[in-house]
Amino acid sequence: MTGNSITSRSNQTMQLPCDYDGHCMVCKQNPPNIEISPCRTCATPWHILCLPVPPTTFFDWDCPDCCQSQQNNHAPPLTENLISAIQAIQSDISLTEVEKAIKRQKLVGGSSKPHLDNNKSNGMLDIFDGTLNCSFCMQLLERPITTPCGHNFCLRCFEKWIGKGKHVCAKCRSTIPSKIASHPRINSQLAIAIRLAKLARSEGIRESIDIATKNAPCFMHNDDRPNTAFTTERAKKAGKANACCGKIFVTIPSDHFGPILAENDPIRNRGVVVGDTWSDRMECRQWGAHFPHVAGIAGQSNHGSQSVALSGGYIDDEDHGEWFLYTGSGGRDLSGNKRINKQHSFDQTFDYMNQALRISCLKGYPVRVVRSHKEKCSFYAPEVGVRYDGIYRIEKCWRKNGIHGHKVCRYLFVRCDNEPAPWTSDLYGDRPRPLPKIKELKDAIDITERKGVPSWDYDEEKGCWLWKKPPPKSKKKATIVNSVDGTIIRDFKPKTKKVSLKLKARILKEFGCNICRKVLVLPLTTPCAHNFCKTCLEDAFSGQSYTKKRIYENGRTLRSLKNIIRCPSCSNDIADFLQNPQVNREMMDVIESLQRQTEQMDGNSEELSDDNAA
DNA sequence: GGGCCCGCAGGG
DNA sequence: CCCTGCGGGCCC
């Protein structure tokens with residue numbers, strides 16, 4: 001037979017159908033039609049000579065995939081079930097972290113006791129029965145990609161498959177949307193589920209609970225959001241204020257370097273763990289992972305950089321998960337409101353935030369990294385929201401000619417976290433690894449490398465990453481927490497007051513009376529477009545005699561005498577207007593609405609200061 | 001999906 | 001106080 005070269009072991013384990021071109025994925029041959037039979041359930045063609053158990057009839061049989069799904073009734077859905085079951089446990093507020101860990105262990109291991117006998121697993125959802133193996137390499141999924149049809153493949157295998165021009169699922173032949181084919185996202189929940197299952201199987205329950213509790217990340221929802229600092233009328237209408245900052249939940253100062261530990265998390269007492277995901281940058285900020293809500297780099301040019309965000313704002317970025325190349329800030333013309341300009345229009349230099357990153361590189365500081373779903377060209381970005389991916393170190397930085405021709409600052413980030421990355425099912429975090437070879441370095445200028453011992457480094461004895469030198473001293477204030485009940489009693493003060501002052505200044509500038517210089521009351525707008533309070537204008541001309549003027553036109557007297565009144569701002573004649581002056585109602589409404597806003601702001605800030613005083 | 005607009009925070 | 005920034009929502 002054509003599959004003779006395949007060993008009997010492979011024949012038993014590899015159960016693959018024919019691919020889109022009719023090639024058997026087991027023997028790699030193109031078998032004649034007579035050797036091919038379609039499955040009656042999924043219609044997938046199979047090379048019958050490569051099946052471990054050939055069908056008794058050619059036309060009325062179920063392929064191994066469909067048999068399996070009928071027996072287990074959870075072939076593709078298993079992944080979904082497992083994930084949704086884990087999510088349900090995670091979101092159950094009635095459970096403690098330890099209880100959650102026990103439940104998770106039961107779920108993936110099938111028993112509250114560790115079952116070390118692999119062959120006798122009676123797990124409700126046992127992932128080691130092959131259902132979570134990659135259909136290509138037949139190994140447990142590594143960096144799993146889940147297709148819309150619900151089938152899972154290792155990232156590397158999937159890339160190879162797509163690289164061959166195959167745009168259908170290797171398992172069920174469903175079309176893979178081009179968006180997913182070109183930019184697949186790692187199913188990090190599945191990766192974590194596999195990790196938890198591995199732990200539950202290979203370790204005793206105690207250690208499993210310890211590690212799983214520590215490692216179990218969660219999605220933090222908007223419900224967790226406290227009172228927002230400031231919302232505009234417009235934002236309130238939309239249901240969510242733009243750039244409202246909210247309270248900071250953790251007790252670190254904004255220039256805190258390194259992981260956010262349980263001791264800085266009085267609310268949950270667990271710290272920020274790898275995989276924690278928030279719906280947007282504002283929420284991410286509230287948990288201290290990355291403070292700036294727009295800027296990608298957090299830091300100070302004379303102190304160092306504490307964190308960066310990968311959001312796909314710069315096309316030069318290159319993401320390989322455990323390491324990535326980051327582009328500095330600046331060089332884009334964002335004048336006006338062009339927040340969207342991705343083009344570089346001038347050179348970047350090592351100043352401001354770029355210098356902050358360079359200091360972190362030279363000192364070997366730990367830099368927190370968050371990835372946003374907006375990072376479109378990365379396998380490692382989350383599907384939704386913003387995710388904390390752990391600690392990285394900047395090993396080198398340099399300048400190069402960017403894609404748009406102007407010079408950009410470049411940084412090589414390499415992961416060095418004690419917790420595994422969200423996309424792997426590895427049980428442990430990073431070990432020191434050799435630096436990747438960077439092609440662009442040969443044309444780079446201003447190359448900066450660390451000379452001395454890094455502040456954050458791997459300790460061989462303890463087997464973990466830690467501060468080898470004391471972390472840099474903070475220059476900022478941290479939040480203050482009530483030691484009795486753990487509530488935050490003072491946080492980064494929202495600039496409400498300042499904003500209300502700003503708005504008041506704006507109102508005065510736009511809607512100030514040209515006589516009394518105060519905000520217009522019953523505004524009159526003259527034909528020459530000057531604004532006055534009704535009473536101010538009336539007072540200005542009360543008892544004054546009109547200037548009389550003879551009006552000529554083409555040498556003839558048009559009107560013998562006209563009473564004229566000169567506008568106090570421009571001397572134009574407004575006598576006609578003053579005969580029957582009408583209050584500018586529209587303007588009045590606008591002024592009233594703006595004044596209401598400032599009152600609200602002041603009200604908010606008073607409330608806040610009351611809170612603070614409490 | 002891109003453009004526009006409003007917004008806040010933080011560095012300098 | 002000014003300027004910059006890898007947001008976010010709405011509108012087209």
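None of the values given here were measured: they were computed from a predicted structure.
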Any side-chain N or O of [X] under 4.0 Å from OP1/OP2 of [N]?
| X | N | result |
| --- | --- | --- |
| A:Tyr352 | B:dG11 | no |
| A:Lys476 | B:dG11 | yes |
| A:Arg285 | C:dG5 | no |
| A:Ser301 | B:dG12 | yes |

Using atom [atom1] of [X] as one end and atom [atom2] of [N] as the other, report the distance to the nearest whole Å.
| X | N | atom1 | atom2 | value |
| --- | --- | --- | --- | --- |
| A:Lys374 | B:dG1 | NZ | P | 13 Å |
| A:Gln355 | C:dT4 | CD | P | 19 Å |
| A:Asp351 | C:dT4 | CG | P | 12 Å |
| A:Ile248 | B:dG10 | CD1 | P | 8 Å |
| A:Met282 | C:dG5 | CE | P | 17 Å |
| A:Asp389 | C:dC6 | CG | C1' | 15 Å |
| A:Leu325 | C:dC6 | CG | P | 17 Å |
| A:His373 | C:dC6 | NE2 | P | 16 Å |

Any side-chain donor paired with an acceptor under 3.5 Å for [X] and [Y]?
| X | Y | answer |
| --- | --- | --- |
| A:Thr424 | A:Arg143 | no |
| A:Glu322 | A:His320 | no |
| A:Thr327 | A:Asp316 | no |

* Asked: Counting side-chain heavy atoms from C-beta on, which of B:dG12, C:dC6, B:dA9 comes nearest to A:His293?
  -> B:dA9

* Asked: If you check every side-chain atom of A:Ser329, which of B:dG12, C:dG8, C:dG5 has the closest atom?
  -> C:dG5

* **Mutual orientation of the aromatic rings belonging to A:Phe257 and A:Trp467 [parallel < 30°, tilted 30-60°, perpendicular > 60°]** => perpendicular

* To do: For DNA chain C, write out the stems as range with range, using runs of 3 or more consecutive Watson-Crick or G-U pairs with both distances under 3.5 Å.
  => B:1-6 with C:7-12, B:8-12 with C:1-5

* May I ask you to check whether A:Phe324 and A:Tyr392 place their ring centers less than 6.0 Å from one another? => yes

* Structure fact -> side-chain hydrogen bond (donor to acceptor under 3.5 Å, both in side chains) pairs touching residues 296-305 of chain A, sequence neighbours excluded, are A:Gln300-A:Gln306

* Under 4.0 Å between any heavy atoms, over every strand shown, what does A:Leu310 touch: base, sugar-phosphate, or nothing? Just pick one. => base

* **Result of checking A:Arg358, A:Arg399, A:Lys396 against A:Asp446 for salt bridge (charged side-chain N to carboxylate O under 4.0 Å, His left out)** => A:Arg399

